[in-house]
Structure formats: C-alpha cells, structure tokens
Peer 1: 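Once you've had a glance at the structure underneath, I'll fire off some questions.
Order of listing sets the numbers, starting from 1, for every ligand and every atom in it.
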Amino acid sequence: MAPNRIVPIMSESTFNLPRLEDYDISPLSGFLPSTPPLQRLTNPYYEPWETLIDIFHELMLIGRLREYVKKLPILKTDRLETKGEYRRAFLVLSFLAHGYVWGKYEPISDRLPANIAIPWVKVSDYLDVAPICNHAAVVTWNWRLLFSNEPFDLNNLATLITFSNTLDESWFYLVTTAIEGFSGRALTGIMTAIQAVYDGNDEQLINALKVISSTIFDINATLQRMFEKCDPYVFYWKVRPYLSGWKNEDLLPQGLIYEGVDEDDENGNPTYRQYIGGSAGQSALIQALDIALNIEHYPTGVRPNANGHTSSENGHFYKNSCHHYSSCLNGYSQKHEIHHYATNGHTKPQQPYLHSIRQNIPGNHRKFLEDLAKIANIRNYIISNANYDSSTNTSLSDEDEDAKLLRETKEASDLVKAYNECLIQMKNFRNKHLQIVSVYIVIQSHKRVGGLHFNAKEGTPTVNKDLIDNSEAITVAISKKAITNATTKNGDKVIRKATSTESIEIIKGTGGTNLMPFLKQMRDETVAQEITENAE
Ligand code: HEM
C-alpha cells in the first residue's frame with residue numbers, strides 16, 4: 001500500500017467483512033440454494049397442496065381450480081421443518097393463489113379463500129417476505145437439475161412449476177435462474193473487493209473488479225439467450241398476467257382480500273392488501289451489483305445536482321437530507337471529502353420502486369443488501385486515490401520517486417479502468433434489458449385487441465432479428481406516434497402526459513412504474529457513475 005494513500009476511516013480492527021453464509025448465501029451458488037430446491041413436500045399431511053399442483057394446469061384449463069382450492073383443508077404450517085420445505089410451500093401456494101385470483105377465461109377474483117390465504121401468509125412470515133408470487137418463488141426456488149450428475153448450467157435446468165405449461169415460460173424462468181447462478185461468483189468478487197479496499201490492496205481490488213466485470217459480461221450473454229426460446233407473445237399474453245400483483249394494478253384497484261387473515265374494519269368492510277407482483281427486477285443479484293458499485297438510483301424524472309439536491313424534470317427542486325435520495329458521497333460533487341467510505345448506513349435504495357420491491361426479496365437476502373450498503377466503498381476509494389500526490393515523500397531518490405510515481409499512476413489508472421469496465425458491463429446489461437422489454441412488453445402491448453390479456457386471440461408473431469436489433473427505435477417510434485395522436489385528437493399544442501386511462505401511452509411495469517423512462521433512467525444513472533481520470 002502506498003504510504004500516503006487515503007484509507008477508510010473505519011479502522012481495520014472494527015471492520016469485519018460479513019460472512020455470506022450468515023445471510024443464507026452460498027459462496028458458490030449465491031442467492032440460489034446450494035442444493036436444488038425440493039420437488040415435493042413429502043410429509044403426507046401436505047399431500048392436498050401437492051395433489052392440486054400435480055393437476056394445476058388441467059384444473060385451470062377446465063375452469064375448476066377455484067372449486068378445488070375451496071375444498072382444501074386449512075393446513076397448519078408447523079409441520080414444515082426445514083427452510084427448503086418452507087420454500088417449497090411458498091412456491092406451491094404462490095402458484096395456487098395467483099392461479100386462483102387471475103383464473104383463465106373467468107372473472108378475476110378480488111378475494112383469496114382462507115384455505116390458501118392463511119398458510120400462505122404464515123409461510124411468508126417465516127421466510128420474511130410479502131405473501132405474493134415473487135422472483136424468489138418463480139426463479140430462485142423453482143428449478144431442478146435435469147441430470148443430477150451434471151453441473152448447474154442453463155443446458156441442464158428444468159422448471160418445477162409454471163402457470164401456462166409452456167416451454168416459453170420455462171425458458172423465461174430458466175434464463176433468469178441461470179443468471180442468478182452467477183451470483184456466487186459476483187458476490188465473492190464483491191466481498192473480495194470490499195476487503196481489498198479496507199486493506200488498501202490495489203492489486204487485489206483490480207483483480208476482484210475484473211472478476212465482477214467478467215461475471216456481468218457472462219450475465220449479459222445469458223440474458224441475450226432469452227430471445228432463443230421465449231416467445232414474446234406467449235410471455236406477454238399468457239405468462240405475465242399471472243405474475244401480476246395487486247398494487248397499482250388496474251384490474252384489482254383496491255388490492256386483494258386475504259380471507260381469514262385480516263379483520264374487517266370498524267364499518268364491517270373487508271381489509272384489502274396490496275403487494276407488487278413478481279418481476280426479475282426483484283433479483284437481489286442486480287441490486288447487490290448496484291450497491292457494490294455505488295450506482296445510485298433516483299425517482300423517475302429526478303436527478304441529482306452538484307449541491308446534493310435533486311431536481312425533477314419539471315424544474316421543481318427536492319431538497320434532500322442524505323437520508324432520502326442522495327448518499328453523502330455519490331460522486332457528483334464531493335470529490336476529496338472522504339468523511340466516510342461506507343454509505344453512512346443508507347440502507348434503502350433511493351428509487352421508490354426499488355425500495356418497495358425489497359419486501360419481495362426474502363428476509364435474509366434483503367438484510368444482506370442492507371448491510372452491503374453500509375460497507376460499499378469501492379467507488380469512493382478509487383476516486384479518493386486516483387489522483388493522490390506522492391511528491392510529499394522525500395525519502396526516495398529522484399529516480400526511485402519517478403519509478404514509484406509511475407507505478408502508482410498506473411495502479412490508479414488500472415483501478416479506474418477496472419471499475420469503469422464494471423459500469424460498462426452494467427450499462428450493457430441495462431441496454432440489453434431495454435431491448436427485451438421493448439420486444440416482450442412494449443411491442444406486444446400495442447397488439448391489444450380489447451378485453452383482458454387472457455382473452456387475446458391473435459396469432460403468434462415470430463421474433464425476427466431485425467425486430468430485436470431495432471427494438472429501441474421501434475419503441476420510440478411507437479411512443480411518438482401515441483403522443484402525436486393524443487395531441488392531434490385534442491387539438492392541444494402542449495404535449496401532455498397520458499392519464500391512466502390512456503394505457504397505450506404509458507406502459508406500466510409490474511410495480512406501476514412508467515416503464516421505459518424508468519428503465520432508461522436506470523441505465524443513464526449507471527453511466528453517470530463513470531470515473532474520469534484526473535476529473536477531480
Ligand atoms: C422477458 C424478459 C423480461 C422482461 C419482459 C422484463 C421486464 C421488466 C420490467 C417490466 C421491469 C420494470 C420493473 C417492473 O415493473 O417489474 C423490469 C425491471 C428489471 N428487470 Fe426485467 N425483464 C425481463 C427479464 C429480466 C431478467 C432475465 C433479469 C435478470 C435478472 C431482469 C432484471 C431486471 C432488473 C434488475 C430490473 C430493475 C431495473 C434495473 O435494475 O434496471 N429482467 N424488467
């Protein structure tokens with residue numbers, strides 16, 4: 001370590017790198033369980049749930065799932081013994097619940113019978129996660145190895161449960177599972193990098209950053225494979241509706257009644273609960289990468305400025321204490337002030353959607369993200385040391401000093417490069433993801449023929465390469481057309497924002513996000529963290 005290096009103020013003796021295992025994270029499989037999820041609850045007591053899942057698709061098809069769910073006994077959860085059993089129960093109950101609520105070619109139900117609601121809430125409480133179908137259910141706990149003697153790999157994975165019984169839905173989950181499979185490598189790289197910062201070990205930090213960037217590169221290559229076997233039509237019309245939740249959801253505006261769980265209010269009205277549905281946006285892996293790389297996200301349309309304030313696109317300023325949107329060192333202004341390396345205990349992401357979906361991330365993984373935010377220090381360390389002046393050290397001869405300066409400059413430069421490479425890969429992830437969202441959601445949503453998603457009867461369009469390559473341009477063209485139409489129709493010269501009834505103009509994400517602006521801002525905020533050498 002260079003003698004005049006700026007080191008974290010947290011002394012090494014007080015710094016204990018958290019152990020991944022303490023958060024139910026495996027250094028190898030990361031957020032995925034270290035052994036494949038249970039494929040069945042073997043205690044005969046739970047056979048009624050498993051039997052219903054065995055014939056889930058058949059019951060959905062003939063429209064009798066609700067009848068059979070209502071016949072279920074209300075099973076107690078105290079016979080579940082292991083965490084694996086609780087996860088399997090959560091998976092089964094999530095599919096039964098969402099199948100019940102959204103149905104197939106039948107009216108949507110705004111109440112969930114006690115037979116499912118009571119145990120689902122109990123199991124969720126145990127796992128410390130909201131009782132709603134989430135990323136953990138459909139991805140993290142929903143896979144098996146096709147050949148148990150072969151390693152974990154996209155080419156050796158199968159899903160346990162799907163809504164639509166289609167290969168496309170399986171592929172959607174499995175590509176995402178394969179991406180989560182990189183979390184062991186990513187998290188090991190992150191922890192090594194953080195330790196390197198506390199040790200002031202630049203070489204180790206550079207190597208760890210290289211591990212992180214190469215992992216994101218592999219994630220991106222896997223993400224691209226979504227196009228291979230998941231048809232956008234099937235995804236949008238046949239799968240996505242079942243993943244919907246009951247918060248900011250037009251079809252269930254009040255939410256859902258979990259019968260037998262909550263009491264009626266003082267006027268005898270039932271209590272509705274609202275939760276955001278399942279989305280890969282709930283991936284703890286991508287959130288961990290953002291936190292580790294100090295990529296800050298703000299509410300859509302809000303941007304930070306040099307004074308630590310944020311401003312919205314309409315010109316309104318939001319003065320934030322550091323406990324809201326901006327961290328004390330977000331790199332926009334305070335270059336040399338290194339009062340803290342960690343993010344001062346900021347434990348919540350600044351973007352409201354990212355904040356609210358934390359309740360869909362299982363408790364131990366959510367806690368890990370919170371603790372990671374307290375020690376994430378890589379970017380500030382690099383900024384603080386990228387330009388340090390070593391000329392104060394007079395004990396060396398001129399020649400030695402030149403050599404040392406050269407080495408340190410190169411080290412600093414390599415650090416910046418290694419960090420920026422991680423950002424480039426994160427940007428690539430978000431660009432690729434934007435393409436996917438264009439093809440799988442934006443373009444599909446313009447094929448609306450009226451009625452509910454479930455009732456769409458169009459032919460399946462093929463995915464051609466041009467469509468994928470030009471997906472962002474197509475999206476822009478579509479949204480421009482929508483705005484022009486709205487403007488012309490009303491003879492209104494001011495381009496205005498669409499209201500919620502004009503769903504063609506604002507396409508919402510699972511959590512009610514204004515999809516494309518939200519995702520593009522996430523991408524731009526990634527790029528904004530790039531460190532430019534000698535920028536201080
Ligand atoms: C067909 C494939 C996919 C579609 C249609 C899709 C759609 C979406 C949508 C609509 C959102 C906005 C937030 C929400 O409403 O949930 C979102 C966010 C997000 N998705 Fe996906 N997604 C897909 C695949 C994936 C995969 C495989 C990953 C990998 C983990 C992923 C990671 C994320 C992340 C991290 C966000 C939060 C925004 C960000 O960090 O940039 N998505 N996605």
Side-chain angles (χ1 to χ4, degrees), residues 30-32 132-136 138-140 154 168-183 186 215-216 218-241 243-245 247-249 276-291 293 295-297 300 349 351-358 360-361 369 426-445 463 468 471 475 506-527:
F31 295 114
L32 295 180
I132 188 88
C133 188
N134 60 17
H135 175 76
V138 299
V139 170
T140 317
L154 183 52
D168 307 73
E169 183 178 355
S170 284
W171 190 248
F172 169 60
Y173 298 152
L174 293 180
V175 167
T176 318
T177 306
I179 288 175
E180 290 297 321
F182 289 109
S183 55
T215 307
I216 310 172
D218 289 342
I219 288 173
N220 296 345
T222 308
L223 183 63
Q224 178 69 21
R225 296 195 61 190
M226 188 64 79
F227 293 109
E228 285 176 17
K229 292 169 194 168
C230 178
D231 184 314
Y233 174 86
V234 177
F235 170 80
Y236 186 80
W237 298 99
K238 303 291 173 193
V239 178
R240 189 174 189 244
L243 297 171
S244 301
K247 182 174 185 178
N248 299 320
E249 170 53 61
I276 295 175
S279 159
Q282 293 152 13
S283 160
L285 167 60
I286 306 297
Q287 289 215 14
L289 286 164
D290 270 347
I291 293 170
L293 297 170
I295 299 170
E296 302 276 342
H297 296 297
T300 309
Q351 217 291 337
Y353 168 79
L354 294 185
H355 179 58
S356 52
I357 55 165
R358 285 275 174 100
N360 293 38
I361 298 178
L369 295 177
M426 283 299 277
K427 179 193 75 181
N428 291 347
F429 171 82
R430 293 205 151 102
N431 272 336
K432 212 169 275 291
H433 181 263
L434 268 163
Q435 280 188 343
I436 288 183
V437 172
S438 293
V439 171
Y440 283 80
I441 296 183
V442 179
I443 293 172
Q444 286 302 318
S445 73
V463 192
I468 295 165
S471 53
T475 313
I506 290 191
I507 299 166
K508 289 202 303 183
T510 322
T513 54
N514 182 358
L515 200 50
M516 295 312 270
F518 161 67
L519 292 174
K520 283 180 181 164
Q521 185 172 318
M522 298 282 286
R523 187 255 331 262
D524 295 344
E525 285 161 344
T526 306
V527 178

Peer 1: Over 60° means perpendicular and under 30° means parallel, so classify the ring planes of F235 and Y440, tilted if in between.
Peer 2: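 Plane angle over 60°, so perpendicular.
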
Peer 1: Looking only at distances, can you tell me whether any N or O atom of S279, backbone or side chain, sits closer than 3.5 Å to an N or O atom of ligand 1?
Peer 2: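 Yes, S279 has an N/O under 3.5 Å of an N/O on ligand 1.
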
Peer 1: Using a 4.0 Å cut-off to any heavy atom of V437, which atoms of ligand 1 qualify?
Peer 2: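 Near V437, the atoms of ligand 1 are 6 (C), 7 (C), 8 (C).
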
Peer 1: Number the atoms of ligand 1 from 1 as they appear, then name those within less than 4.0 Å of a heavy atom of L519, with their elements.
Peer 2: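 Selected atoms, number and element: 18 (C), 38 (C).
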
Peer 1: Applying the side-chain contact (heavy atoms from CB on, under 4.5 Å) criterion to K520, which one of N431, L434, T300, L515 satisfies it?
Peer 2: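 One option only clears the test, and that one is L434.
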
Peer 1: If you measure from atom 31 (C) of ligand 1 to every heavy atom of G277, S183, A280, which option wins on shortest distance?
Peer 2: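 Checking each option, the heavy atom nearest atom 31 (C) of ligand 1 is found in A280.
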
Peer 1: Heavy atoms only: which of S244, G245, G281 lies closest to atom 37 (C) of ligand 1?
Peer 2: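 Minimum heavy-atom distance to atom 37 (C) of ligand 1 goes to G281.
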
Peer 1: I need the I276 CD1 to S356 OG distance, nearest 0.5 Å.
Peer 2: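 Here the interatomic distance stands at 3.5 Å.
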
Peer 1: Checking side-chain contact (heavy atoms from CB on, under 4.5 Å) for the pair Y173/E169: CA distance, chi angles, key distance, verdict?
Peer 2: CA-CA 6 Å; Y173 298 152; E169 183 178 355; 2.5 Å; yes

Peer 1: Looking only at N, O or S atoms in H433, which is nearest to atom 21 (Fe) of ligand 1?
Peer 2: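 Of all N, O or S atoms in H433, atom 21 (Fe) of ligand 1 lies closest to NE2.
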
Peer 1: For ligand 1, is any non-hydrogen atom under 4.0 Å from I441's backbone (N, CA, C, O), its side chain (CB onward), both, or neither?
Peer 2: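 The answer is the side chain of I441.
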
Peer 1: With side-chain contact (heavy atoms from CB on, under 4.5 Å) as the criterion, how do R430 and V527 come out once you've worked through the C-alpha distance, each side chain's angles and the decisive distance to 0.1 Å?
Peer 2: CA-CA 10 Å; R430 293 205 151 102; V527 178; over 6 Å; no

Peer 1: Enter the distance from L519:CG to I436:CD1 here, rounded to the nearest 0.5 Å.
Peer 2: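 That separation rounds to 11.0 Å.
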
Peer 1: Is any N or O atom of R240, backbone or side chain, closer than 3.5 Å to an N or O atom of ligand 1?
Peer 2: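 Between R240 and ligand 1 (N or O atoms, distance only) the closest approach is not under 3.5 Å.
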
Peer 1: What is the distance from atom CD1 of I286 to atom CD of E180, rounded to the nearest 0.5 Å?
Peer 2: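 I286 CD1 to E180 CD: 7.0 Å, rounded to 0.5 Å.
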
Peer 1: With H135 as reference, evaluate T176, N360, I361 under the side-chain contact (heavy atoms from CB on, under 4.5 Å) test and give the passing residue.
Peer 2: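 Exactly one option meets the side-chain contact (heavy atoms from CB on, under 4.5 Å) with H135, and it is T176.
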
Peer 1: Give the C-alpha distance, both sets of side-chain angles, the deciding distance and a yes or no for side-chain contact (heavy atoms from CB on, under 4.5 Å) between F429 and T526.
Peer 2: CA-CA 10 Å; F429 171 82; T526 306; over 6 Å; no

Peer 1: Do T176 and ligand 1 have an N or O pair less than 3.5 Å apart?
Peer 2: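 There is no such contact.
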
Peer 1: Out of all atoms in ligand 1, which are within 4.0 Å of some heavy atom of L223? Include the element for each.
Peer 2: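 Here the atoms of ligand 1 in question are 26 (C), 27 (C).
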
Peer 1: For ligand 1, which atoms sit closer than 4.0 Å to a heavy atom of F235?
Peer 2: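 Atoms satisfying the 4.0 Å criterion: 5 (C).
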
Peer 1: Just jot down the ligand 1 atoms closer than 4.0 angstrom to any heavy atom of Y440, in number order.
Peer 2: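 Numbered from 1, ligand 1 contributes 1 (C), 5 (C).
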
Peer 1: Is Y236 near ligand 1, meaning one of its heavy atoms is under 4.0 Å from it?
Peer 2: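 No.
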
Peer 1: Below 4.0 angstrom from a heavy atom of F172, which ligand 1 atoms are there? Numbered from 1 as shown, please.
Peer 2: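 It comes down to these atoms of ligand 1: 1 (C), 2 (C), 3 (C).
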
Peer 1: Counting both backbone and side chain atoms, is some N or O of D290 under 3.5 Å from an N or O of ligand 1?
Peer 2: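 Looking only at distances, the answer is no, because the N/O contact criterion of under 3.5 Å is not met.
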
Peer 1: Can you figure out which of I436, D168, I286 has its heavy atom closest to atom 1 (C) of ligand 1?
Peer 2: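 Among I436, D168, I286, the closest heavy atom to atom 1 (C) of ligand 1 belongs to I436.
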
Peer 1: Over 60° means perpendicular and under 30° means parallel, so tell me whether Y233 and W237 are parallel, tilted or perpendicular.
Peer 2: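 The rings of Y233 and W237 sit tilted, inter-plane angle from 30° to 60°.
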
Peer 1: Considering L515, N360, V439, L289, which one's heavy-atom position lies nearest to atom 9 (C) of ligand 1?
Peer 2: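 Ranked by closest heavy atom to atom 9 (C) of ligand 1, first place is L515.
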
Peer 1: Less than 4.5 Å apart, any side-chain heavy atom of F172 and any of L243?
Peer 2: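 Answer yes - side chains close enough.
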
Peer 1: My understanding is that we take every heavy atom of each candidate and find the minimum distance to atom 40 (O) of ligand 1. Doing that for H297, R430, E525, which one comes out nearest?
Peer 2: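 Minimum heavy-atom distance to atom 40 (O) of ligand 1 goes to R430.
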
